[in-house]
Amino acid sequence: MSRPPFPSGWSSIPLSLKNLTLANSLPVGQSFLWHRHAIASSTPGCPTEEFSRAVDNPPRVVCLRQSPSHLYYTGVYPNEHDALADLRRGITKDWVNDYFQLKAHPELEKMYDDWRARDPELFGKVEVNKRAVGVRVLRQDPWECLIAFITSTNNHIPRITSLLHRFSQSFSPPLVTLHNPDNDGETTYHLFPTPTALPTKLEALLRSMGFGYRASFIESSLQTLEEEFKEEIEAGLLRWRNQDVDTVREKLVALKGVGRKVADCVMLMCMDKPSLIPIDTHVAAIAARHPAFPSRLRNKPMSKQVYDETQQFLLDRWGPMGGWCQAVMFAADLPEPKPKVKVVKTKVNTSVTVKRKLEEVSPTLNLKRTRSATRLELKQTRTIVTDEVKMEE
DNA sequence: GTTAGACCTCT
DNA sequence: GAGGTCTAA
């Protein structure tokens, strides 16, 4: 009898970095639950890092790697049956195509051409940035996306990321545990919790987990959604994809903790509304750089009116795929990811303690890169759902 | 309809 | 002050 996890094996899709760059699309503030690891055994021209996360329907861990010419993917399953079904039916391949919108919008480069022609002033100057290459808007799950962006207000990416991982670990059982591809420890993956898995008195719990005042927003929004959709919140939210912007915006803004900006984020990133340009302070600053930006909007505190006019200004520049252009501009404007450093306390002489930074050694590149997912060794797998809520230490 | 403060928490 | 929003004037 085999034991989990069951990898469906690596497959690949021919895809250029200009059409999709994982590193510029996954960790840039649209999605927060991807794990990112260097690959210990890699060779020039082959992938150097792996992105992975738990994905539902069926439950599995999706792993992604990328070379200049191909996108590699595999699903790692807690049971053999689903892994075999994936092999037969290409479940993860379909998921990749849907998530990155490769079928719906196959030619990202054509969009870049269009934005360059429309807006040489802003887009033209930014797109030369390395971080502006291959930025795609992801087609995410609405339920997860909604919670993520309620959590995002007044927070930075690293903090949003840690809060959402904490959320998943607390309310969703471990799915599968895999060795990290950088050979540094292992990761236990959890699906994003379903609404029904959340305890009734959620606010106090979330507060203790560090959500702050957003805790009450999440509890209240959950309650509102339960009133509208009963037990079918996720399916209900998915149906909002088929409705027009104004209708959906009205419903989203009715939820506590969801204002105009969060609503626009959710509609852009999971409800097929590619023209929407969410205006946060960052994007507002980008817009203000444009020579033609109305001076009466400059240095004004954000208000509904300033929001509307700024959004309209950018929409005029960027056109029907304006939300995608915003994603490029946003990603390119993020600070360079800090090189990982370890802060080591070194004891010197008698009792003087100094802090010293040590550059983390980059993984040695081996000449062989295995495409077999059998490297993913089981450490611990539990598929039993517990009612108990685990709190982070 | 518009505009201050407050709000959790971490840097 | 930060990838805002809520509430009360």
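Contact annotation: H156(A) reaches the phosphate of dG3(C) (side-chain N/O to OP1 or OP2, under 4.0 Å). Considering only side-chain N and O atoms, T281(A) lies nowhere under 4.0 angstrom from the phosphate OP1 or OP2 of dA2(C). The phosphate of dT2(B) (OP1 or OP2) has a side-chain N or O of Q305(A) nearer than 4.0 angstrom.
The shortest side-chain heavy-atom distance between Y213(A) and R207(A) falls under the 4.5 Å cut-off.
Nearest-nucleotide positions on DNA chain C place H282(A) closer to the 5' end than the other of F217(A) and H282(A).
The separation between M209(A) atom CE and dC10(B) atom P is 13 Å, rounded to whole Å.
When the options L84(A), T92(A), V61(A), L175(A) are evaluated for a side-chain contact (heavy atoms from CB on, under 4.5 Å) with Y77(A), the one that passes is T92(A).
Nucleotide dT2(B) has dA9(C) as its partner under the Watson-Crick or G-U criteria, with both atom distances under 3.5 Å.
Between the base of dG4(C) and the side chain of Y307(A) there is no donor-acceptor pair shorter than 3.5 Å. Scanning atom types as modelled, one donor and one acceptor separated by under 3.5 angstrom connect the side chain of R214(A) and the base of dC8(B).
If you check every strand for non-hydrogen atoms under 4.0 Å, V283(A) touches nothing. If you check every strand for non-hydrogen atoms under 4.0 Å, I157(A) touches a base. Note on G257(A): only backbone sugar-phosphate atoms sit closer than 4.0 angstrom, heavy atoms only; bases stay farther off.
For E109(A), the CD atom counts as densely surrounded, since its 6.0 Å shell holds more than 12 non-hydrogen atoms of other residues, nucleotides or ligands.
To the nearest 0.5 Å, atom CG of residue L33(A) and atom OG of residue S52(A) are 11.0 Å apart.
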